[in-house]
Number of protein chains: 2
Amino acid sequence: MPQIDRPSHTGELRESGRQQVLETIRAQGAIARIDIARETGMSPATVTAISAELLEAGLIREVQPEAKPTTGKRGRPRVSLALRGDAHKIAGIKVAHSSITVLVIDFEGNELVDHDMPLVQARMEPEQLCNAIVTALEQCCRKGSIGLADISGLCVGMAGLVDATRNFVYWSSSLTSRNVDMGAHLGQHLNCAIFVENDANLVAKAEHLFGKGRDVSDFIVITIEHGVGMGVVIDDEIYRGTRGCGAEFGHTKVQLSGALCQCGQRGCLEAYVGDYALLREARLLSDEATPQSIGQLSAAAREGDALAGSILERAGRMFAMGLANIINIFDPELIIVSGTHSSMDYLLTPQVIEEMRQSVVQVDAPLPEVVQHSWGQLMWAKGAAAYAVEKVSAQCVRRLVLDAV
Amino acid sequence: MPQIDRPSHTGELRESGRQQVLETIRAQGAIARIDIARETGMSPATVTAISAELLEAGLIREVQPEAKPTTGKRGRPRVSLALRGDAHKIAGIKVAHSSITVLVIDFEGNELVDHDMPLVQARMEPEQLCNAIVTALEQCCRKGSIGLADISGLCVGMAGLVDATRNFVYWSSSLTSRNVDMGAHLGQHLNCAIFVENDANLVAKAEHLFGKGRDVSDFIVITIEHGVGMGVVIDDEIYRGTRGCGAEFGHTKVQLSGALCQCGQRGCLEAYVGDYALLREARLLSDEATPQSIGQLSAAAREGDALAGSILERAGRMFAMGLANIINIFDPELIIVSGTHSSMDYLLTPQVIEEMRQSVVQVDAPLPEVVQHSWGQLMWAKGAAAYAVEKVSAQCVRRLVLDAV
DNA sequence: CCGATTTAATTTGAGAATCAAAAAAATAAT
DNA sequence: ATTATTTTTTTGATTCTCAAATTAAATCGG
């Protein structure tokens, strides 16, 4: 009884070597073999062998040392290795309330083309949503003169409870039904590797691959938008929990029987710091001056409007408390507060940081760094693409190892 | 320039194989080679090779199949492998407020002897505490007729902020000074492998090796005692955070500007559900009936005392909120509420579980199981011993691999 | 301009860990 | 006794990796 595809221990080892090299190259952009050896702890001989294989497979390329390094350094010049962008085209897709954003990148991470397709309604039946996704992808491909068949893989990011290991959506604000097997649905329309993930996790991925978490193996990303999301990276992996619905930072409770949240429960952090929560309170301001957007509210506060100020102040204090709790629980190296708009301007103020500091368990060791990162509107799609790239990468390596047999 | 102790990739692989076999044997108690192969995914050939080595090293033994398995099963009978208890003697030591508990176990986990030595004062200078620990260990060894030199390793568990990777104590309620290198201090008195850990993490270890977390790779242990502690096991490893001071569940904030905690901050969960918090409130009861212990308070509540009832009810609600937050963040497979006394009787009631359920993000998937586990007073020491056993195990394997070269 | 020096990459040969398949061992069934 | 069955061990091959030696490609110094 031959055991065919049970991963052998040696196979795993081999895979991990290749994976490591590829990841190192991706993390560094362009890096010489000798530095890969240093970085990964492998011997130069092994790096040579592996990179030869990756070169042959067309996944990486040698970068000719552009300019003479003029600075007198003797010895054989190092030849850097970089990813071959044209090895694959990969799509990241974000389903938002009012539009679907698509971004196509190459294997190296270069953005080829993006597209935003408005949605007429925010919540749809699964089939309807799939059609919309496919349409958005097609439009994007057409715009960039890319064949749909050239897409090696894609990832769809959506708000809600997603079990990424199964491409399964327990619940999403974009879907009218619960418990949808999005992977299967999309698979009927598209013939490429398909992944579905929670959007906050995708931002974490984006930070890890392209952003401020590039060289960090353990960090936490917090997104503030309509709701509040969190992505946790532990040991270079996204932490997901058993059912795939962990890291629901926005729905951790910060107040017994507190404010009503869009999830129907009370006292969620989101119900104090999310967009809708602030605007809900802002409506109590005198009618004429009622701010319709966070920007207006924030401006009113800056101009000395006491009520607006107190709304933002409370949100800030709640946010500080939430941040402190995260630090007390995870003790991460780094916290990245990511967003597409300037939520940070009023939420991540020095006062909030100070308040957070005072709610963190006191230790004579430096606090985790808290940084903010404003991305463009493409943040989400970029994260989705990053995730898909990683998955496709892993698939390539796996195929490489199998083919070698 | 030969690179001597940089762990080679092959060495890691080899180590992992041996480790895996040993762990499987420990987890299963006694298990045949073929089942180890099935369990770990290795080939039977490899298991034979590895177990031969472990047998020769004296770490495991063959268990003769006791009774004829009468039930007609043909074929060569399987020979189970078990740990050799006499391979090592290991001490677990818990430093509590009023005493030091020591437990000596053998390599197989059998309890050989335990001892409790009262302490005259709860907080001491490092040197003083070390002396007390050594004295307690000596007394325990004498009681069990064990030579101090026969102890292969020990672990000291203490409440507070401990960086176990460095055996370093940022702060502990048992120490008068901060930032103590306990490992170095103890090393001057004892000549064996020494480990220092946070006590909640040790309970997690105990649950993982001997308790309800035996076959679970991801779970969370919550301890309620004087304070509230948490141990997080992710992927069969204790999660510690970067500075080694994560998982401070007791000091997560559940109320803005809330009740005063012993840590000096406000609104910590511990300040609502810890022993001292309940007794603090209970003092407001009519003087004569003031309960001096949790047991009395709990009894009063059961007898219909409204004030006592409301104290416990609020504690329960806060605890439910804390539990729900943990689930929302970690989405664990299992939560074990561990304790030496019956805190569970009033904290882990059906009402609390129900309230927790209502504060958890709603998913059409079964809730994480919440179980309670009452250990004897030896719980902590047992956890410490479990941790030390694991570490010593790993050390043995490492030595085995190195010696083979 | 040419050898000496330096650094990077590759080749070579060997060691080690694993696995598949075959063989051996130990038992039950017939 | 013979056959069937199951576990364990042995054998031989594979292959992943590494150390050391070698080759490659540059600078430096005279």
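Here is how names work: the chains are called A, B, and so on, in the same order as the sequence lines, proteins then strands, and each is numbered from 1. No experiment lies behind these values; they were computed from the predicted model shown.
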Less than 4.0 angstrom between a side-chain N/O of [X] and OP1 or OP2 of [N], yes or no?
X: B:Arg18; N: C:dT18; value: yes
X: B:Thr46; N: C:dT18; value: no
X: A:Thr48; N: C:dT10; value: yes

Exam field: side chain A:Thr24 to backbone A:Gln20, donor-acceptor pair closer than 3.5 Å
yes
Tell me if a side-chain donor or acceptor on A:Tyr239 pairs with a main-chain N or O of B:Phe330 at a distance below 3.5 Å.
yes
Name the residue from B:Arg214, B:His373, B:Lys212 that meets the side-chain hydrogen bond (donor to acceptor under 3.5 Å, both in side chains) definition with B:Glu207.
B:His373
Atom [atom1] of [X] and atom [atom2] of [N]: how far apart are they, to the nearest Å?
X: A:Arg76; N: D:dC28; atom1: CZ; atom2: P; value: 19 Å
X: A:Ile36; N: C:dT10; atom1: CD1; atom2: C1'; value: 15 Å
X: A:Leu54; N: D:dC16; atom1: CG; atom2: C1'; value: 15 Å
X: A:Ile34; N: D:dA25; atom1: CD1; atom2: P; value: 16 Å
X: A:Glu53; N: D:dC16; atom1: CD; atom2: C1'; value: 11 Å

I want to verify a distance call: between [options], whose nearest atom is closest to the [X] side chain?
X: A:Ile50; options: C:dC19, D:dT17, D:dA25; answer: D:dT17
X: B:Arg33; options: C:dT10, C:dC19, D:dT8; answer: D:dT8
X: B:Ala45; options: D:dC18, C:dA9, C:dA20; answer: C:dA20

Electrostatic pair [X]-[Y], nearest N-O below 4.0 angstrom:
X: B:Arg84; Y: B:Glu108; value: no
X: A:Arg33; Y: A:Glu62; value: yes
X: B:Lys89; Y: B:Asp150; value: no

Expected rows: protein N/O vs nucleotides 1-5 of chain C N/O, under 3.5 Å:
unit_1 : atom_1 : unit_2  : atom_2 : d
C:dT5  : O3'    : A:Arg74 : NH2    : 3.4

Contacts of A:Val47 and B:Ala49 projected onto DNA chain C by closest heavy atom; the upstream (5') one is A:Val47
Among all residues two or more places apart in sequence or in another chain, which pass the side chain to side chain donor-acceptor pair (under 3.5 Å) test with A:Glu111?
A:Lys382
